[in-house]
Amino acid sequence: MNSIHSGSPSDPCPHQVHNKADSTIAPQLRKVINLSFETVTFLDSWKHAEIHALLKKPKADPNDLKNFHPISLLPFPAKVIKKIVNAQLTHHLEDNSILDPSQSGFRRNHSTETGLLAATDGIRQQMDNNETSALILLDLSAAFNTVCHRTLLTRLHEAGIQEKALNWISSFLSGRTQRVRLPPFRSEATNIICCVPQGSSLSPTLFNVYMAPLAQLARQHNLNILSYADDTQLIRSLTKDPHTAKANLHEGMKSIAEWMRNSRLKLNSDKTEVLILGRTPSTWDDS
């Protein structure tokens with residue numbers, strides 16, 4: 001519990017109290033957590049988030065809402081139980097090799113560095129072979145906030161999460177509310193009908209499960225894929241057969257865009273980029 005330091009200002013028993021009275025409170029908290037698992041219920045009182053809006057930069061214009069970064073503050077007991085569930089879920093996913101090796105986000109022994117190394121190494125190997133590569137940088141808008149709960153539960157079930165575990169996660173996702181606090185003002189509570197909850201250690205792992213089918217889809221179109229959470233890069237050699245490569249890219253992007261729509265994810269075409277690395281094939285711009 002000592003590794004958890006933040007909580008909601010509305011929490012009747014904030015983390016400081018828990019940490020100072022660990023030996024007294026921990027056994028009772030353990031009983032509450034075990035009861036949550038036994039009854040397959042995530043308490044409603046743990047589902048409310050206080051959103052604090054913080055300026056991204058000290059000198060940013062406070063009148064422009066885009067300059068604020070929302071921080072969700074959650075009750076301390078909720079953070080403890082989600083950390084326990086996340087450890088168990090991660091153990092299941094890794095032991096059964098459910099997450100694709102191309103996903104570097106929020107995984108042990110993975111980081112942005114491993115993702116970048118894999119991308120640059122693949123591109124350099126192709127360049128050493130005098131090949132030209134296309135690098136597609138996909139951009140998603142507020143991906144964590146648009147996750148469809150029904151689709152997520154389906155993909156968890158396909159990943160082997162069943163019965164009580166799946167029902168507990170369903171309880172965790174449903175009936176959530178949040179409100180924005182900007183002292184001295186506080187908004188009315190709003191129901192949340194989608195997303196993985198911000199501020200939860202469990203949410204990034206759930207999001208990785210949600211995105212897992214994308215890697216297989218990309219490879220069906222001969223596209224190498226590398227991901228860090230919602231940041232996705234696609235790589236395709238263009239040298240050996242430029243016409244086929246271009247067709248694969250078009251068909252692959254069409255299928256990926258359709259998968260994004262069906263998954264309620266918004267692909268931002270304005271910020272999605274295509275980079276040609278190496279000599280541009282003469283046939284690339286023919287059509």
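- Within the 3.5 Å criterion, the main-chain N or O of Asn63 finds a donor-acceptor partner in the side chain of Asp61.
- To the nearest 0.5 angstrom, Arg150 atom CZ is 13.0 Å from Cys194 atom SG.
- Cluster partners of Leu55, by chain and number: Phe68. The rule joins Ile, Leu, Val, Met, Phe, Trp and Tyr whenever side-chain heavy atoms lie under 4.5 Å apart.
- Enclosure of atom CD1 in Ile193 is not indicated, since only 12 or fewer non-hydrogen atoms of other residues, nucleotides or ligands lie within 6.0 angstrom.
- When the side chain to side chain donor-acceptor pair (under 3.5 Å) test is applied to Thr190, no partner is found at least two apart in sequence or on another chain.
- For Asp121, the side chain to side chain donor-acceptor pair (under 3.5 Å) criterion is met by Gln125, not counting sequence neighbours.
- In this structure, Arg176 forms a cation-pi arrangement with Phe172, its terminal cationic atom sitting closer than 6.0 Å to the ring centre and no more than 45° off the ring axis.
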Just list the side-chain donor-acceptor pairs under 3.5 Å for residues 223-238, sequence neighbours left out, or say none.
from   : atom 1 : to     : atom 2 : distance (Å)
Arg236 : NE     : Asn222 : O      : 3.3
Ser237 : OG     : Glu131 : OE1    : 2.6

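- Without hydrogens or angle criteria, Tyr210 side chain to Ser263 main chain gives a donor-acceptor distance under 3.5 Å.
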Report all side-chain donor-acceptor pairs from residues 32-44 shorter than 3.5 Å, counting only partners two or more places apart or in another chain.
from  : atom 1 : to     : atom 2 : distance (Å)
Asn34 : ND2    : Arg30  : O      : 3.3
Ser36 : OG     : Thr41  : O      : 2.5
Ser36 : OG     : Trp168 : NE1    : 2.9
Thr39 : OG1    : Leu35  : O      : 2.7
Thr41 : OG1    : Thr39  : O      : 2.9

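- When all heavy atoms of Lys82 and Ser200 are compared, the pair lying nearest together is CD-OG, 3.1 Å.
- With sequence neighbours left out, the salt bridge (charged side-chain N to carboxylate O under 4.0 Å, His left out) criterion links Glu94 to Arg107.
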